[in-house]
Asks: 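Sharing a structure, written as structure tokens. Questions coming.
Numbering starts at 1 and runs along the sequence shown.
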Amino acid sequence: MITLKINNQTIEVPQGTSILDAARKLGIDIPTMCHLEGTEHFTSCMVCLVKDARYGRLMASCSMPAAEGMEIITDDDECRESRKAALELLLSEHVGDCEAPCRLVCPAHMNIPLMNRLIAAGNFAKAIGVVKRDIALPAVLGRICPAPCEAGCRRKQVDEPVSICLLKGFSADQELEKGIKPDGAKKKSGKKVAIIGAGPAGLAAAFYLNRAGHEVKIFEKNERAGGDLLKITEAVLPPDVLKSEIEAVLNPDISVQFRVEVDQPLFERLRQEHDAVVLATGALNDRLNGWGLALSKTGIQADKETYETSAKGVFAIGNALRPSKLAVRSVGQGKELAHLLDRLFKTSELTAYPSRFNSKFGKLEAVELIEYLKESVDDPRREASRGKATGFTRDEAVAEAKRCLHCDCRNPESCILRELSDRYGAEQKRFQYDGRFMVKKEFAAQNIVYEESKCIKCGICVRITRQYRETFGFSFIGRGFDVKIGVPFDESVGKALEKTAALVAEKCPTGALAKVDCEEQLNSSKTSS
């Protein structure tokens with residue numbers, strides 16, 4: 001047995017134990033990417049670097065054996081900066097989008113590619129479940145939204161963008177036709193939120209706060225909910241669609257008082273009786289004067305990241321901040337604020353809506369469009385034969401959804417490269433050079449896709465296919481900077497992964513090897529949310 005210290009904790013371990021294993025016995029987390037239990041060491045990623053306190057030397061903890069008298073530091077500034085640099089070197093050659101461009105430009109940040117995959121598979125119930133994670137009024141927005149998401153759709157480089165808004169509206173219509181069932185019984189938090197205004201922003205905030213188990217009361221000066229949505233012509237937004245969707249939001253758990261003009265005394269009473277007050281009043285008007293709120297030329301002044309106004313516990317969203325014709329932006333802000341308040345009630349901390357590291361590489365080259373069309377169809381964009389106000393038929397929706405190029409990552413939630421880049425604040429472009437690898441997609445059994453451009457050469461797939469005696473398997477091909485992971489003798493990825501396709505996809509630390517099954521990604525995204 002040998003004795004050493006890790007972060008000033010003394011431990012005895014058998015001869016030959018790695019520093020990484022010794023640290024784990026102490027419950028100390030050291031990040032890894034190329035390490036895989038049960039296989040030989042392969043030091044390549046260098047994100048597991050730790051420091052020998054006696055000599056100031058950095059070393060890879062996964063392969064360095066513990067030695068008598070060692071004093072190891074695992075998480076000081078030098079270790080963190082070294083890990084960040086290691087990640088940035090890996091990112092310099094990593095070509096792939098964590099999230100599709102359409103999702104990035106959607107004000108509600110909806111998972112559009114996953115919705116498309118579920119519709120294409122005919123799984124409409126799960127498609128609307130994905131939509132409603134981010135959009136509370138999808139049947140309405142599917143008809144009126146000017147579709148900023150479609151401006152980001154890569155399908156434009158082929159012909160025309162996917163008709164995302166009509167697909168969103170179609171998903172919602174399927175649910176409305178069947179009748180929306182209220183969510184199951186929620187554990188009540190005991191927290192109370194008053195929302196002033198029942199327009200798109202207020203309705204969205206109420207929807208997600210109610211889902212989280214908080215008590216919601218809405219105060220609306222008009223006799224109906226909907227705000228500016230009520231001004232839209234029937235030819236664009238059928239009244240029965242608007243009515244049905246609003247009724248679905250305002251379930252029996254949400255208290256609504258109509259024809260209530262909130263004045264300054266009532267506002268102060270609401271502040272005293274509730275844990276938070278949300279101003280979703282629409283465009284600024286004179287009745288807010290004297291409420292003690294800081295105002296600007298466009299509306300109520302609020303923190304850009306938390307939506308909190310100058311009055312503690314009072315928040316503002318939607319057109320109360322500044323006039324906008326994008327209802328989807330108001331709906332997105334309602335969702336975000338509900339998330340922030342839910343976190344505030346649980347942790348007593350008011351923090352910004354979480355953002356994650358996002359790899360992106362820009363425009364596709366012509367040769368790459370061919371690769372992305374492997375998962376798509378070469379069909380023109382469809383319009384709704386019955387008109388936009390009525391929407392797609394089932395056959396039209398399925399056919400249009402199949403046009404999606406699926407340019408998002410299939411492993412966005414469990415990608416270790418993304419998680420660590422986020423944790424250490426890595427910058428993708430720090431070590432990037434002119435030019436990049438071209439995206440190529442190859443497919444194997446069990447719905448596995450291999451994208452070499454996302455590979456970080458960790459060697460995990462090489463070790464697994466060797467361990468399980470694949471006839472061909474993966475191997476390192478080339479030397480030095482030109483080395484890559486591929487299949488010997490120019491065989492296909494399908495031939496390389498006849499036995500181990502699912503296993504290598506599970507162990508891959510990036511999205512280079514991933515399952516294309518939308519059910520798999522659906523389960524993963526549920527866990528993350």
Asks: Do the side chains of Lys454 and Leu417 get nearer than 4.5 Å, heavy atoms only?
Replies: no
Asks: Has Glu88 got a side-chain atom pairing as donor or acceptor with Gln428's backbone, closer than 3.5 angstrom?
Replies: no
Asks: Which atoms form the tightest heavy-atom contact between Ile30 and Ala23, and what is the distance?
Replies: CD1-CB, 3.6 Å
Asks: Flag yes if more than 12 heavy atoms outside Lys363 fall under 6.0 Å of its NZ atom; otherwise flag no.
Replies: no
Asks: Between Lys440 (side chain only) and Glu452 (backbone N and O only), is there a donor and an acceptor less than 3.5 Å apart?
Replies: no
Asks: Counting neighbours of OH on Tyr468 that are heavy atoms of other residues, nucleotides or ligands and sit closer than 6.0 Å, is the number greater than 12?
Replies: no
Asks: A quick test of your reading: do over 12 heavy atoms of other residues, nucleotides or ligands sit less than 6.0 Å from NZ of Lys484?
Replies: no
Asks: Please answer whether the main-chain N or O of Glu160 pairs with a side-chain N or O of Arg403 as donor and acceptor at a distance below 3.5 Å.
Replies: yes
Asks: Evaluate side-chain contact (heavy atoms from CB on, under 4.5 Å) for Lys335 paired with Asp134, printing each intermediate quantity in order.
Replies: CA-CA 7 Å; Lys335 176 203 70 173; Asp134 300 298; 3.0 Å; yes
Asks: Within the distance-only criterion (no hydrogens, no angle test), does the side chain of Ser92 pair as donor or acceptor with the backbone N or O of Leu89 below 3.5 angstrom?
Replies: yes
Asks: Enter the distance from Leu513:CG to Ile460:CD1 here, rounded to the nearest 0.5 Å.
Replies: 10.5 Å
Asks: So does Lys495 have more than 12 non-hydrogen atoms from other groups sitting under 6.0 Å from NZ?
Replies: no
Asks: Is a salt bridge present between Lys507 and Glu37, judged by a nitrogen-to-oxygen distance below 4.0 Å?
Replies: no
Asks: Other residues, nucleotides and ligands only: do more than 12 of their heavy atoms fall within 6.0 Å of CD on Gln9?
Replies: yes
Asks: Within the structure provided, determine whether Pro101 and Lys360 are in side-chain contact (heavy-atom separation under 4.5 Å).
Replies: no
Asks: Is any side-chain heavy atom of Phe357 less than 4.5 Å from a side-chain heavy atom of Leu91?
Replies: yes
Asks: Answer yes or no for Lys457 and Phe476: cation-pi contact, defined as NZ/CZ to six-membered ring centre under 6.0 Å and angle to ring axis within 45°.
Replies: no
Asks: So that I can tick it off, tell me whether Asp379 and Lys402 are bridged by a salt bridge, with the cut-off set at under 4.0 angstrom between side-chain N and carboxylate O.
Replies: no
Asks: So Arg356 and Glu413, salt bridge (Lys or Arg N to Asp or Glu O under 4.0 Å) or not? Walk me through it.
Replies: CA-CA 10 Å; Arg356 297 186 64 189; Glu413 305 304 339; 2.9 Å; yes
Asks: Taking 4.0 angstrom as the limit, do Arg83 and Asp75 come out as a salt bridge?
Replies: yes
Asks: Taking 4.0 angstrom as the limit, do Arg117 and Asp408 come out as a salt bridge?
Replies: yes
Asks: Starting at NZ of Lys5, measure out to CD1 of Ile72 and round the result to the nearest 0.5 Å.
Replies: 12.5 Å
Asks: Keeping Arg430 on the side-chain end and Ala426 on the backbone end, is there a donor-acceptor pair under 3.5 Å?
Replies: no
Asks: Going by atom types alone, do Thr500 and Glu470 pair a side-chain donor with an acceptor below 3.5 Å?
Replies: yes
Asks: Can you check whether Arg382 reaches Ser163 side chain to side chain, under 4.5 Å on heavy atoms?
Replies: no
Asks: CD of Glu99 to CD1 of Ile112: how many Å apart, nearest 0.5 Å?
Replies: 10.5 Å
Asks: Would you find more than 12 non-hydrogen atoms of other residues, nucleotides or ligands less than 6.0 Å from Arg469 atom CZ?
Replies: no
Asks: Quick check: does any side chain N or O of Arg57 sit under 3.5 Å from a backbone N or O of Asp52, one acting as donor and the other as acceptor?
Replies: no
Asks: Check whether any side-chain N or O of Ser453 sits under 3.5 Å from a backbone N or O of Phe437 as a donor-acceptor pair, and report yes or no.
Replies: no
Asks: Taking 4.0 angstrom as the limit, do Lys346 and Asp342 come out as a salt bridge?
Replies: yes
Asks: Any chance you could measure Ile73, atom CD1, to Asn7, atom CG, to the nearest 0.5 Å?
Replies: 7.5 Å
Asks: Between Arg155 and Asp159, is there a salt bridge with N-O shorter than 4.0 Å?
Replies: yes
Asks: Measuring only between side-chain heavy atoms, which start at C-beta, is Ile135 closer than 4.5 Å to Lys168?
Replies: yes
Asks: Looking at every non-hydrogen atom in both residues, tell me the closest pair between Cys153 and Val162 and how far apart they are.
Replies: SG-N, 3.4 Å
Asks: Tell me whether Arg103 contacts the main-chain N or O of Pro113 through its side chain, where contact means a donor paired with an acceptor under 3.5 Å.
Replies: no
Asks: Hey, mind stepping through Tyr450 and Cys455 against side-chain contact (heavy atoms from CB on, under 4.5 Å) and telling me if it holds?
Replies: CA-CA 9 Å; Tyr450 175 49; Cys455 178; 4.3 Å; yes
Asks: Tell me, with the steps shown, if Leu49 and Met59 meet side-chain contact (heavy atoms from CB on, under 4.5 Å).
Replies: CA-CA 5 Å; Leu49 288 173; Met59 59 189 79; 5.6 Å; no
Asks: Which atoms form the tightest heavy-atom contact between Pro509 and Ile456, and what is the distance?
Replies: CG-CD1, 4.1 Å
Asks: Mark yes or no for whether Asn116, through its side chain, and Ala401, through its backbone, hold a donor-acceptor pair below 3.5 Å.
Replies: no
Asks: Would you name the heavy atoms of Gly473 and Val487 that are closest together and state the gap between them?
Replies: O-CG1, 3.6 Å
Asks: Is the shortest heavy-atom distance from the side chain of Leu341 to the side chain of Phe315 under 4.5 Å?
Replies: yes
Asks: Kindly say whether Ile317 contributes a backbone atom to a donor-acceptor pair with the side chain of Gln333 at under 3.5 angstrom?
Replies: no
Asks: Can you find a pair of side-chain heavy atoms, one from Pro354 and one from His339, that are under 4.5 Å apart?
Replies: yes
Asks: Mind checking the NZ-CG spacing from Lys156 to Leu405? Nearest 0.5 Å is all I need.
Replies: 12.5 Å
Asks: Under the criterion side chain to side chain contact (heavy atoms under 4.5 Å, CB included), which of Leu26, Thr3, Leu4 is the partner of Thr10?
Replies: Thr3
Asks: Over all heavy atoms of both residues, which pair between Ser18 and Ser61 is shortest? Give the atoms and the distance, please.
Replies: CB-O, 3.7 Å
Asks: Tell me, with the steps shown, if Asp422 and Glu419 meet side-chain contact (heavy atoms from CB on, under 4.5 Å).
Replies: CA-CA 5 Å; Asp422 200 41; Glu419 191 274 321; 5.8 Å; no
Asks: Do Ile128 and Gln174 make a side-chain contact, defined as non-hydrogen atoms from C-beta onward lying under 4.5 Å apart?
Replies: no
Asks: Shortest non-hydrogen contact from Leu326 to Pro146?
Replies: CD2-CG, 3.1 Å
Asks: When rounded to the nearest 0.5 angstrom, what is the spacing between CE in Met438 and CD in Glu368?
Replies: 4.5 Å
